[in-house]
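Nothing here was measured: the structure is a model prediction, and the numbers come from that model. Start at 1 and go down the list; that is how both ligands and their atoms are numbered.
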Amino acid sequence: MSLPAAPAATVAELVRGLAAKRYSSVELTRAYLDRVAAAQPELNAFITVTGEAALAAAARADEARAAGRGGPLTGVPLAHKDIFCTEGVLTTCGSKMLANFVSPYDATVVAGLRQAGTVMLGKLNMDEFAMGSSNETSYFGPVRNPWDTARVPGGSSGGSAAAVAARIAPAATATDTGGSIRQPAALCGVTGIKPTYGRVSRYGMIAFASSLDQGGLITVSAEDAALLLGPMSGFDPRDSTSVDSPVPDYTATLADSLDGLTIGLVKEFFDDGLDAECGARIREAIAVLEKQGARVREVSCPNLPLSVPTYYVVAPAECSSNLARFDAMRYGLRVGDDGTRSAEEVMSMTREAGFGSEVKRRIILGTYALSAGYYDAFYGSAQKVRTLIQRDLAAAFAKADVLVSPTAPTTAFKFGEKIDDPLAMYLNDIATIPANLAGIPGMSIPNGLADEDGLPSGLQILAPAREDARLYRVGAALEAWHEEVWGKRMIDFAPELKVGA
Ligand code: GLN
C-alpha cells in the first residue's frame, strides 16, 4: 500500500490552486490528513493530529473565499512543531513533563498563521524540549527519515522536516536554538529558515535557551518560506527581545539577480570532519552562484571552532533556568502528591520522572556552569567567547554579503549511531550554532544527493542581522538551478513512502 497522492509540491502551488478553485480547502485538508494517517505508523512525525478541527477550519476558509474574504494563504494546511502553544490543543514539547498539557492560549506564531487563514493539521514531533539533533530524545518515540526509515531525520525539528519531506504537510513551523531548523532540513532534503533573532516572537514558544531560540519554518522552497514568514513574524510587545521594525516582503526580492553579490567561504567551515561528498556538492553550488554573477572569496573566522563548546555552556545555563518552571505545582506532570510528601519531595519526584536523560544532563551542566564558584570560569568565559565569535562574523560580513557553508557535516545517520555519545551528537551543529550565538539569520537549502545511498545534503547561507532577504534570494537562485539541471526539484527525488511495504 502506498500513500494517497500529494495534492501539490509547494505552498505557492496550493495558493494558486485554491485561488483557481482547482480544489477546496476541505478537499486539500482531507487529502493531507489521509496522507498523515497513512504515514504516521512509519514516520511518527506527528504527536497530535487535529483532524476534526482542521476540517472545520478548512470549511470556514472555503466560506471566507466564497464570500470574497481572506488572503492568499486562506485554506492552506500546515502543521506546527509541538513547542508552540496551541489553544485547547495538547502542547507537549516532546516531553513526559507536558504529556498532559493543554495550552490555554496560542503562541504569537500560531495566532498569526491562523489569522492568515492557514489550517492546522496537528502538532509535530520533536526532541524533548528541543534538545537533540536526531529526534531520538522525544518522549513520543523517534521520527523516521522518509528518505530512509532506518535513519534519523535530524533534530530537534525532526517531525517538521520529515513531514514536509514526505509531503504529509506542505509546510511546518519549527524552532532553532543551535541548528534545529537547518540541520533536520538538510538531512531531509528540504528548506529551513531561521530568521534574524527577534524577528519571530518567542511568546508561547516553550523556552529552551532564550538568547538563542528563534522560530522559523521548514518548507519545500525559499519562496514558500517567504510566503509564510510575513504572517508569523513582526513586532510583539509580549516578547521583550522582539525586533520593532516592519517585516519586509521577502517574496518581492526573491528573483533579484546575484550580480555583484559577494559570497564568503569561511575557511573554518571546510576543515576536517566534513564529509567529502557534502563538500563537493557545496563547491558545485558555489560555481553556479559565480556563473550567476556572484563573486566568491575566502574569509576566516578563527574563533568559530569554539562555537560548540561555547554553546554547550550558554544553552544549558539558560535551560537550567528556563526549565525550573516545571515544578509540578502549576501545570504538567505531578508525581508523588499523596498528601504525605512535602512540596520539595513532589517537585523532585516529578522532575526525576518527567525529564529524559538529555534534558537532565543539560540542567545539571547548566546549574554547574552558573554555580557561584564556577560562574566566571564557565559562563563568564563563554559569554566572552560568544562576543569574539560575533566579532569574527561581523568582520567576515565586512568582506562578504553572505556566507556559504555545508549545513551539517554528514548526511542522515542511522538510529543509535550517536545517541550514546553526546559529543559526537553535539558536533552535528558545528556549522549552524554560530548563527544563533550571533543572532544572525540562516537558511539551509537542499543541495543534491551526497551519499552512495542517495541521501540529501544541505547548503547553509548566512547573512548579517536583518538582511534575511539575501538568504531568500540566494536560496531561490540555487533552487532554480536545480530545476534547470535536474528538470525537477530536490523534493521530487524523495522516495514515495511505501507504507507497510
Ligand atoms: N542540536 C542542538 C541541541 O541539541 C540544537 C537544538 C536546537 O536548535 N533546538 O541543543
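When only modelled atom types and interatomic distance are considered, T411 and D275 share no side-chain donor-acceptor pair under 3.5 Å.
We find that R199 and D468 are not joined by a salt bridge, their nearest charged nitrogen and carboxylate oxygen being 4.0 Å or further apart. Ion pairing between R202 and D239 holds under the 4.0 Å rule for side-chain N and carboxylate O.
Only the side chain of Y312 comes within contact range of ligand 1, with a heavy atom under 4.0 Å; no backbone atom does. Residue contacts with ligand 1, taken as heavy atom pairs separated by less than 4.0 Å, involve Y311 solely via side-chain atoms from C-beta onward. Only the side chain of D429 comes within contact range of ligand 1, with a heavy atom under 4.0 Å; no backbone atom does. In R362, the part holding a heavy atom less than 4.0 Å from any atom of ligand 1 is the side chain. In A130, the parts holding a heavy atom less than 4.0 Å from any atom of ligand 1 are both the side chain and the backbone.
For D176, no nitrogen or oxygen atom sits less than 3.5 Å from a nitrogen or oxygen atom of ligand 1, counting backbone and side chain alike. Polar contact check, F208 against ligand 1: no nitrogen or oxygen pair lies under 3.5 Å apart. Note: an N/O pair closer than 3.5 Å links S180 and ligand 1 by distance alone. Not one N or O of G155 is nearer than 3.5 Å to an N or O of ligand 1, by distance alone.
Y311 and F208 have perpendicular rings, their planes meeting at more than 60° on a 0 to 90° scale where under 30° would count as parallel.
Here the side chains of T175 and K81 are in contact, with some heavy-atom distance below 4.5 Å. Using a 4.5 Å heavy-atom threshold, the side chains of V220 and T191 count as separate.
For ligand 1, the atoms sitting less than 4.0 Å from at least one non-hydrogen atom of S156 are 9 (N), numbered in the order shown with element in parentheses.
Both tests hold for K418 against F413: distance to the six-membered ring centre under 6.0 Å, angle to the ring axis within 45°.
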